[in-house]
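Computation of the quantities below employed the complete heavy-atom set of this structure, encompassing side-chain atoms and omitting hydrogens, waters and symmetry-equivalent molecules. This is a predicted model, so every value here is computed, not measured.
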Amino acid sequence: MTISEEVITDVVVSLNKLFPNSTDQFIKPFEKLGDPDIYNGMCLDFKLCDREQKNKVTPILRVAKLGDAEEIVEIYKELYNRTYPYKEMEDVDEVRRMIQDPSIQWIIYQDPSFNIAGCITFVLDFDNRRGYIRGFMLKRKYQGIIDITKAMIGSMLGMIHHFRNTIFNWYVENRTAHAKSQYSMWVCGIAPIGFYPNKDVFLGKIESDLMQILYDERALKQYRSEELPQIISCVETCYLYSERRYDLGRYKLVSPKNRLDFHKIKTIKRNLVKHVSKDKYGYEAIHFTLKNSTSYFKFLYTPHVQNFEKTEYRVANLEELYVFVREFIKCGRELGIRYCEVFISAYKPSHQKLFHDAGLLPRGYIPSWKYNLENETFEDHILFNLFIGPIDCSIQLIDEGKDLLGALELNPQVYKIEEKSKPIKVLEKLKSHPIRKIIKKSLAIGIIGYISLIFISAIVAFFTEPEAYMMWRNTISDLGSYLFTPFPGLFDTACIMAGVITIPYYFSLQKKIISQITSLEKSITIKTPYLGNILLKTGVIIGVCGGIGYIFVGVFSLERAGPNNIIHGLFAGGAFLGFVISIILFSLYIIFFQNRIPRSFGIFGIVAPLTFFGLYCILIDPLIEWLLLISILSFSVPMGLWSFLK
């Protein structure tokens, strides 16, 4: 059949009969057109009534040929001023390869004189039975002249006709800089279902995308999995939005506990392997695997737009997924990405919760998204994504897109507020200021200096007259007396130095511990956040009190101890008691509320200082006093260096 034989006159279709819910409903008003075989060319000689007549030119449609590649590339370069982020579309050889690829269908729009006016691309995923629509382009001189609504209708008629039994859903990621293409696709029934905030960059400007989709009714009724969707509470609004349109039926709300074995996690982390492969267009395929395992987590990094997409994974247990997700987020932080996404099974609430706790939020419930080849059924998935920065409040959306954002509780005006938060950026700069680093390094050096002074004092006291100093015979405080050392000032200085350092030490340690707890770990102890905060805050207060006491131990050394050494004794006892209680509180937090620091270290922080403090109170033995100090330093020094340096 030739293009002239495809011309059918006097066919009128009401626009009001469009906006269908399925491909079957879409093609029904065009049945009089016969079989729209786009591979022999299509003339769209039908009229759309019940709309404003703008006397637009009806395009002629045909599939692309190898000779069209150069002109297609020029369309992309013209419309995006040679800044199109997906550089394969500016490579003539690559476009020729895509034209020859049976999984990529390129449709050309021509004017009545058969000059190329624009194009559109359909990328077919035969495994998942879905088609991805991209690159709906018109040359500038044809914009406002060619009827893009009829062009879209003709394109969809041709694709649906040819792939009726192989492709069961068609979707697009539409730009939100304007709503024209959104509307043209909505006319064809390609309806909004998900949102990609700040996913793309076009013409140097960050843009959000609107996900729209059209189903073959069989994908939703005949071949959709009969398994009951199990979703966490934050997904419910997305589900209800899709349910209103597609009549999805029942679902189950689940609150998974996600109890993780962190000993297993440590083993998994040791076996983690990262692979990165980069192609000539700048795309980086990042692949996490585990040694001696078939589990994996892979995604595509696009530096031009700073995003992660096309995320896929397979895991044997939650611990593996936990490690992968943390590495995923860490990798994004290191690369400075602005957006990442993953489609998560609607039947795995524990997976949903892991990603949600890592900061990704649901932005759309997509029924019948992936095809299970083993069961020959379509399975529902949820679009989860994470984005950084304000959403442009000037985005353009069709009414249905606005309804979707309302259901997702995404208001661009609200996110615009983030632009006013410039002081936050100033604070971030201050945090990385060299002076701050110098101060922290100086405090770390002070810790080493304190330990050095204490042991130098002991060595000097041991080798000098009038009386040799012995750790098993003399108390620590004797180092501050002329009876045992000619330089008691060394000990006094060490005490004052340590007490001063202790004040920033405890505040820094509290902040460091909190910053190291991921949202995934917080979720494990979500029922007792108040108790955790109390432990940390009380530990800081008591520790600071112990530090102040230690300062006065140096000020009121045995040479200035007061009657019967009472002043010195009170401050020394207060310092020891403050440090021991503080260490116990921090250790309890380490054991029950986080997992970066080994639990064994927390157990040591409770057992050792408490044991020696108890023994000292009973026996008042100098050697035990020294062991008590060593147990305190064994906990505090590593934590201090970690806090100040790492």
Side-chain angles (χ1 to χ4, degrees), residues 19-26 127-130 167-171 186 189-196 210-259 311-315 317-318 321 341-357 360-385 400-410 523 526:
F19 308 97
N21 286 328
S22 67
T23 56
D24 300 294
Q25 292 180 18
F26 170 63
D127 288 339
N128 285 300
R129 312 289 197 266
R130 64 172 178 252
I167 301 297
F168 288 79
N169 70 56
W170 304 87
Y171 78 102
W186 170 223
I190 308 174
I193 198 168
F195 192 64
Y196 306 93
L210 182 68
M211 182 182 186
Q212 297 177 239
I213 197 164
L214 172 65
Y215 289 96
D216 185 307
E217 193 170 12
R218 292 172 293 177
L220 295 173
K221 304 299 181 185
Q222 185 176 345
Y223 299 127
R224 181 173 173 238
S225 173
E226 295 181 357
E227 187 175 354
L228 185 69
Q230 298 185 57
I231 58 176
I232 59 177
S233 59
C234 64
V235 177
E236 187 174 25
T237 53
C238 296
Y239 183 91
L240 294 175
Y241 177 87
S242 297
E243 201 279 335
R244 284 194 295 271
R245 181 168 183 83
Y246 300 112
D247 191 23
L248 301 177
R250 297 183 307 112
Y251 65 98
K252 183 179 180 181
L253 279 181
V254 180
S255 299
K257 300 298 181 183
N258 282 11
R259 301 187 187 280
T311 305
E312 297 180 13
Y313 65 88
R314 180 175 66 194
V315 294
N317 51 58
L318 278 180
L321 184 58
E341 72 184 37
V342 59
F343 286 86
I344 305 171
S345 171
Y347 315 105
K348 296 179 179 178
S350 57
H351 291 199
Q352 299 164 30
K353 181 171 174 55
L354 268 177
F355 280 98
H356 178 263
D357 289 338
L360 285 77
L361 295 177
R363 312 286 187 200
Y365 186 94
I366 324 298
S368 298
W369 176 244
K370 289 188 178 180
Y371 188 72
N372 188 317
L373 292 170
E374 293 181 4
N375 301 330
E376 297 185 340
T377 58
F378 285 98
E379 297 177 347
D380 298 359
H381 280 69
I382 305 148
L383 168 64
F384 274 77
N385 53 40
E400 291 70 24
K402 294 175 184 177
D403 291 342
L404 173 64
L405 259 65
L408 297 177
E409 299 180 351
L410 269 176
S523 69
I526 194 67

Q | Residues in salt bridge (Lys or Arg N to Asp or Glu O under 4.0 Å) contact with D24, at least two apart in sequence or another chain | A |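 Testing D24 for salt bridge (Lys or Arg N to Asp or Glu O under 4.0 Å), a comparison that skips the adjacent residues, returns R164.
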**Q.** Ring center gap for F355 and F384 short of 6.0 angstrom
**A.** no
For [Y], does its backbone N or O pair with a side-chain atom of [X] as donor and acceptor, under 3.5 Å?
X: Y171; Y: I193; result: no
X: R363; Y: L408; result: no
X: Q230; Y: P349; result: no
X: T311; Y: E341; result: yes
X: E217; Y: S22; result: no
X: N169; Y: A219; result: no
X: D216; Y: R218; result: yes

Q: Take the angle between the ring planes of Y313 and H351 and call it parallel below 30°, perpendicular above 60°, tilted in between.
A: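 Taking H351 first and then Y313, their aromatic rings sit tilted (interplane angle of 30° to 60°).
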What distance do [X] atom [atom1] and [Y] atom [atom2] have between them, rounded to the nearest 0.5 Å?
X: C234; Y: E409; atom1: SG; atom2: CD; result: 11.0 Å
X: I190; Y: L210; atom1: CD1; atom2: CG; result: 11.5 Å
X: S368; Y: L220; atom1: OG; atom2: CG; result: 5.0 Å
X: Q352; Y: Y347; atom1: CD; atom2: OH; result: 11.0 Å

Do [X] and [Y] come close enough that some side-chain heavy atom pair is under 4.5 Å?
X: S242; Y: L248; answer: yes
X: K353; Y: I344; answer: no
X: Y215; Y: T23; answer: no

Q: Report the C-alpha distance between L253 and I231 in whole Å, list the side-chain angles of each, state the deciding distance to 0.1 Å, and finish with yes or no for side chain to side chain contact (heavy atoms under 4.5 Å, CB included).
A: CA-CA 5 Å; L253 279 181; I231 58 176; 3.9 Å; yes
If every non-hydrogen atom of [X] is compared with every non-hydrogen atom of [Y], which pair is closest and at what distance?
X: I382; Y: A346; result: CD1-CA, 3.9 Å
X: L321; Y: L354; result: CD2-CD1, 3.6 Å
X: G401; Y: P192; result: N-CG, 3.8 Å
X: P20; Y: R245; result: O-NH2, 3.1 Å
X: C238; Y: G364; result: SG-N, 3.6 Å

Q. How would you list all residue pairs meeting side chain to side chain donor-acceptor pair (under 3.5 Å) that involve residues 374-384, not counting sequence neighbours?
A.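 Listed by first then second residue: R224-D380, Y365-D380, N372-E379.
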Q) Quick one: ring-ring contact (aromatic ring centres under 6.0 Å, His included) partners of F378, sequence neighbours excluded? A)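 F378 satisfies ring-ring contact (aromatic ring centres under 6.0 Å, His included) with F168, Y371 only.
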